[in-house]
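No experiment lies behind these values; they were computed from the predicted model shown.
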Amino acid sequence: MENETKTAQKIDSATLSTHGKLSMFNEGLKSGLANGQKFTELMDQLIDTTDGETLLKAARALSDFKLDSAYVTFPHQYQNADYYLIFMSRLLSMHDDEHAVLNTRTHSESLYHVFNELSDDYTFLYQIVDNENGGAYYHEQTTGENLFYVHLERRLLRFNSRAFTNLFINKLLLKGTGVDQINTVLATLINFGHYLRDDFGFNVDFNILDVDNAAKYELREANLTGEVVDKLFVTAAQHDYMLQNSPAGHGAEIQLPGSLTIDIFDGGKPTEAKWVLTVHDPDQRVSWFDVLLHFDFIRDWYLENIDSLEIKADPLVFA
């Protein structure tokens, strides 16, 4: 009888062990499939919703979603960075802006943007920041320029003056791309910033693209030499423009057509940026970048002295 009991215990133990293993396997499959179901529900929202907050919430969830599990692997899936791109495309389309065309790379699910106004040599995608800051850069692949930084959870957007200057002026404008073509692309990127700010309350720094008359573009060089300002006096005179002393402080002011006024000055206030640029126009539609696009002699002066005059972007996200 004792031997029969021991035999029964061994059988029960083996049976439970097998059952446990099978249960573990089955639960793993269920969990993996449930994770896939949750993913598709978020994708439905990202693709179909017309509610902005639902769109943003889905994009935030998908941007760090882990689709694969130990028991279920999905061979076809987008990268996490692609959901930033989908979010941007959906938000633009909700505002009837279709200039950023979403494409898929051949033989992969990788996504990227192209603009009809630019050649196919220039492709745009997001690169996730792999550190404690999080967020992602909107990145042009050919030049390697990061045009702006966005953090969906913190609701933060920062434009990068250096990248816009290098791509749209040095690589495009100076090599034959028309101002109208460039402005169409810029309008889409600027509008994206406005939609994030107006629809979701994002904190947006337009940087060199800011058209607000109150904007003060901080220069990289805190102690600008008089020689740089003198160069502007000379080149302005050569183009029949007269500089005057800045009314805001030590520096210079130039009047351009269309009641447009450019002021570069040292404000002299220890709590503010030392040397800054301001752009004033009656309709508040002109940024410093617009000035660079349309006035050759000012653009040449800016580029020749870029180490001193470059507009500073947020140092926390752009080194």
Side-chain angles (χ1 to χ4, degrees), residues 59-60 63-64 79-85 87-88 112-113 121-174 182 185-186 188-190 192-193 196-197 202-210 212 215-225 228 264 266-267 270-279 287-289 291-293 299 301-319:
R60 283 170 49 186
S63 66
D64 61 1
Q79 299 299 310
N80 290 112
D82 291 330
Y83 299 108
Y84 284 86
L85 207 63
F87 167 74
M88 180 176 176
Y112 63 97
H113 271 162
D121 294 334
Y122 297 96
T123 57
F124 302 79
L125 46 72
Y126 279 90
Q127 289 187 339
I128 289 180
V129 178
D130 190 20
N131 59 34
E132 65 276 6
N133 288 332
Y137 292 109
Y138 190 66
H139 176 85
E140 198 291 304
Q141 287 191 289
T142 298
T143 60
E145 298 294 345
N146 294 322
L147 295 177
F148 59 77
Y149 168 86
V150 62
H151 199 297
L152 298 181
E153 185 172 359
R154 296 178 185 171
R155 302 196 182 210
L156 185 75
L157 180 67
R158 295 288 184 265
F159 285 89
N160 181 11
S161 61
R162 179 179 299 178
F164 275 84
T165 302
N166 286 341
L167 174 59
F168 290 102
I169 292 181
N170 291 331
K171 297 297 183 182
L172 292 173
L173 182 69
L174 298 183
I182 291 172
V185 178
L186 290 177
T188 291
L189 302 180
I190 293 169
F192 179 59
L196 290 180
R197 185 188 66 186
F202 270 57
N203 182 315
V204 179
D205 177 10
F206 288 97
N207 195 243
I208 199 170
L209 306 172
D210 198 337
D212 194 322
K216 291 183 177 180
Y217 308 99
E218 184 178 349
L219 306 188
R220 182 198 291 184
E221 180 55 66
N223 296 300
L224 195 66
T225 65
V228 174
I264 177 172
D266 174 2
T271 58
E272 297 182 3
K274 192 167 178 62
W275 277 92
V276 296
L277 274 163
T278 61
V279 177
S287 69
W288 176 240
F289 199 74
V291 173
L292 297 180
L293 286 176
R299 179 174 66 244
W301 169 74
Y302 182 76
L303 295 178
E304 289 169 4
N305 300 278
I306 193 69
D307 289 343
S308 298
L309 297 174
E310 183 177 70
I311 305 303
K312 290 176 64 175
D314 189 334
L316 296 179
V317 293
F318 299 110

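- A donor-acceptor pair under 3.5 Å is absent between the side-chain atoms of Tyr84 and the main chain of Leu152, judged by distance alone.
- Here the CZ atom belonging to Phe289 is positioned 11.5 Å from the CZ atom belonging to Phe159, to the nearest 0.5 angstrom.
- Not one N or O on the side chain of Arg155 forms a donor-acceptor pair closer than 3.5 Å with the backbone of Phe202.
- Side-chain atoms of Arg158 come within 3.5 Å of backbone atoms of Asn203 as a donor-acceptor pair (strictly under, hydrogens ignored).
- Remark: side-chain polar atoms of Glu145 are not paired, donor with acceptor, to backbone N or O of Leu147 under 3.5 angstrom.
- Interatomic distance, CZ of Phe168 versus CG of Leu293, reported as 9.5 Å (0.5 Å rounding).
- Two residues are said to be in side-chain contact when any heavy atoms from C-beta on lie closer than 4.5 Å; Thr142 and Lys171 fail this criterion.
- Checked by atom type and distance alone, the side chain of Asn207 never pairs as donor or acceptor with a backbone atom of Leu209 at under 3.5 Å.
- Within the model, atoms OG of Ser161 and OH of Tyr217 stand 11.0 Å from one another, a figure rounded to the nearest 0.5 Å.
- The main-chain N or O of Arg220 is never found under 3.5 Å from a side-chain atom of Trp275 such that the two would form a donor-acceptor pair.
- Atom CG of Leu172 is separated from atom OG1 of Thr143 by 8.5 Å, given to the nearest 0.5 angstrom.
- Residue Asn131 qualifies as enclosed at atom CG: its count of foreign heavy atoms under 6.0 Å is above 12.
- A pairwise comparison of heavy atoms in Ser308 and Leu224 identifies CB-CD1, 3.6 Å as the closest pair.
- The ring of Phe192 has its center no closer than 6.0 angstrom to the ring center of Tyr138.
- Across all their heavy atoms, Ala163 and Asn146 have their closest contact at CB-O, 3.2 Å.
- Shortest non-hydrogen contact noted between Ala313 and Asn160 is CB-OD1, 3.8 Å.
- Between Leu219 and Ile311, some side-chain heavy-atom pair lies under the 4.5 Å cut-off.
- Between the Tyr137 side chain and the Val317 main chain, a donor and an acceptor come within less than 3.5 Å of each other.
- To the nearest 0.5 Å, atoms CG (Leu196) and CE (Met88) are separated by 8.5 Å.
- Checked by atom type and distance alone, the side chain of Glu140 pairs as donor or acceptor with a backbone atom of Thr123 at under 3.5 Å.
- Not a single donor-acceptor pair under 3.5 Å links the side chain of Tyr302 to the backbone N or O of Leu292.
- When all heavy atoms of Leu157 and Gly193 are compared, the closest pair comes out as CD2-CA, 3.4 Å.
- More than 12 heavy-atom neighbours from other residues, nucleotides or ligands sit within 6.0 angstrom of CD on Gln141.
- Side chain of Asp82 to main chain of Gln79: a donor-acceptor pair is present (N/O by atom type, distance under 3.5 Å, no hydrogens or angles).
- Between the CG atom in Leu156 and the CZ atom in Phe148 there is a gap of 12.0 Å [rounded to 0.5 Å].
- Side-chain contact between Asn223 and Glu221 is present, with at least one heavy-atom pair separated by less than 4.5 Å.
- Side-chain contact between Leu316 and Asn133 is absent, with no heavy-atom pair separated by less than 4.5 Å.
- Between Phe318 and Tyr149, the angle of the ring planes goes over 60°, which puts this pair in the perpendicular group of the 30/60° scheme.
- The minimum heavy-atom distance between Ala81 and Tyr126, with the atom names listed, is CB-O, 3.3 Å.
- Residues Ile169 and Ile182 form no side-chain contact, since every pair of their non-hydrogen atoms from C-beta on lies 4.5 Å or further apart.
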>> What verdict does the side chain to side chain contact (heavy atoms under 4.5 Å, CB included) test give for Phe124 and Leu167, after you've listed the backbone C-alpha separation in whole Å, the side-chain angles of each residue and the deciding distance to 0.1 Å?
In response: CA-CA 12 Å; Phe124 302 79; Leu167 174 59; 3.9 Å; yes

